[in-house]
**Q** 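Sharing a structure below in structure tokens format, with a few things to ask.
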Amino acid sequence: MRYVVMDSNNIGKNLATEQFLMNEKDFDEPLLLFYYEENCIIVGRNQNTMEEINYDYVREHNIRVTRRMSGGGAVYQDLGNLCFSFVVPADTNEFGDFKSITKPMVDALNRITTEHVEVSGRNDILVDGKKFSGNAMYTKNGKTFSHGTLMLNVNTDIVADALNVPQDKIESKGIKSVRSRVTNLMPYLKDEYKGMTVSDFRDLLLTSIFEVKTVDDIKDKEYVVSSTDQVEINKLYEKYYNNWDWVYGNSPKFTVKRRKHFDHGTIDIRLNVEKGVISNIKFYGDFFGIKDVDELESKLKAVKYDYSSISKSLEDVDLGMFFAGIDKEEVINLLIG
């Protein structure tokens, strides 16, 4: 395994670095990345940004907002949170299998905590039954990266104020509020590790995962981003993560809205129907999928808005490639309402 430690505290630049290393660099072994950043919100690839955030609060508190390449839901991060990513060949892990891909991290965490750490549900990592890590996954060009958060000492009050978490998502997890669901990891660390900084926490995880005494013992495993790399990374940053159109986009007005929360994510469908035909359609949500929903949206445009026509147009389409783990018939039924 190789590893990268990012110096930037800008979430957009860190996501651009992650994207560059995955798509433009070939490593002969898995890659582990660590980074942390100032106050920010990262929405999933398929989410409607303005509906996921409390815009007035975000603006007043200078919270940076960006969008990532992977699916899943919106997350808040600050300098009390450590992010990690694994980049592996796509054929070594089934898409959506967070338990397998995050196992090295979970094992390392269990060596330094007083309570059991485990992957639970679709993409959460819990300690003592509470969430401190959310994870997302993305596949392209034969590679998969899985990235996640590690809430060491995050200001959890801001999480509930900055994000608009839908009530159906909260109710599906049998909880009363966002605050009751999330926790920081610091109280669960063994005594010798309590009070450590995020950078110390990162180095502790590195030494645990690589089974060495100090980070100096694995310097030969570190990949350092070059000045040439940085030029390309900056281009990605401006094209995506610092680009209003990518982060917010111009969302068209829709005449029909269909939304449902499934065990494997929420699907929120907006569509215009003119003279019985779908003239425009957009899928939002925190679902995961190997394929971009843009392809599905294009296929459904100009299709008659009835069960028979929609079913026929999707007859040869594997909807599991767009909505992993969600039954095809349920998606069609949601479309028609």
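Keep in mind it's a predicted model, so treat the numbers as computed, not measured.
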**Q** Please list all pairs meeting ring-ring contact (aromatic ring centres under 6.0 Å, His included) that have one or both residues in residues 317-337, counting only residues at least two apart or in different chains.
**A** F283-F323, F287-F323

**Q** Under the ring pair (Phe, Tyr, Trp, His ring centres under 6.0 Å) test, which residues partner Y237, sequence neighbours left out?
**A** none

**Q** Go through the structure and list residues passing ring pair (Phe, Tyr, Trp, His ring centres under 6.0 Å) with Y305, not counting sequence neighbours.
**A** none

**Q** For N14 and T17, test the side chains for any donor-to-acceptor distance below 3.5 angstrom and give the result as yes or no.
**A** no

**Q** Taking side chain to side chain donor-acceptor pair (under 3.5 Å) as the test, write out the residues that go with S309, two or more places apart.
**A** D306

**Q** Taking atom types as modelled, is there a side-chain donor on Y307 or N333 under 3.5 Å from an acceptor on the other?
**A** no

**Q** Test your reading of the model: is there a side-chain donor-acceptor pair from D286 to the backbone of T266, 3.5 Å cut-off?
**A** yes

**Q** Of all residues at least two apart in sequence or in a different chain, which pass the salt bridge (charged side-chain N to carboxylate O under 4.0 Å, His left out) check with K328?
**A** none

**Q** Please check: side-chain N/O of T149 versus main-chain N/O of M151, any donor-acceptor pairing under 3.5 Å?
**A** no

**Q** For V212, what residues pass the side chain to side chain contact (heavy atoms under 4.5 Å, CB included) criterion, not counting sequence neighbours?
**A** T207, F210, D217, I218

**Q** Which pairs, with at least one residue in residues 188-199 and sequence neighbours excluded, count as a side chain to side chain donor-acceptor pair (under 3.5 Å)?
**A** T197-S199, T197-D200

**Q** Would you list the atom pairs, donor with acceptor, under 3.5 Å between side chains in residues 84-93 and any protein atom, with sequence neighbours excluded?
**A**
residue	atom	partner	partner atom	Å
S85	OG	E18	OE2	2.3
T92	OG1	P89	O	2.7

**Q** Quick one: which residue pairs count as a salt bridge (charged side-chain N to carboxylate O under 4.0 Å, His left out) with a foot in residues 26-37, not counting sequence neighbours?
**A** D26-K143, E29-K221

**Q** Hey, is the main chain of A136 close enough, under 3.5 Å, to the side chain of N123 for a donor-acceptor pair?
**A** no

**Q** With sequence neighbours left out, write down each residue that passes salt bridge (charged side-chain N to carboxylate O under 4.0 Å, His left out) with E24, or none if nothing qualifies.
**A** none

**Q** Who passes salt bridge (charged side-chain N to carboxylate O under 4.0 Å, His left out) against D107, sequence neighbours left out?
**A** K103

**Q** Partners of E118 by salt bridge (charged side-chain N to carboxylate O under 4.0 Å, His left out), sequence neighbours excluded?
**A** none

**Q** Can you name the one residue among R68, Q19, R64 that meets side chain to side chain donor-acceptor pair (under 3.5 Å) with Y241?
**A** Q19

**Q** With a 3.5 Å distance limit and no angle check, can you tell me whether R111 reaches the backbone of S208 through a side-chain donor-acceptor pair?
**A** yes

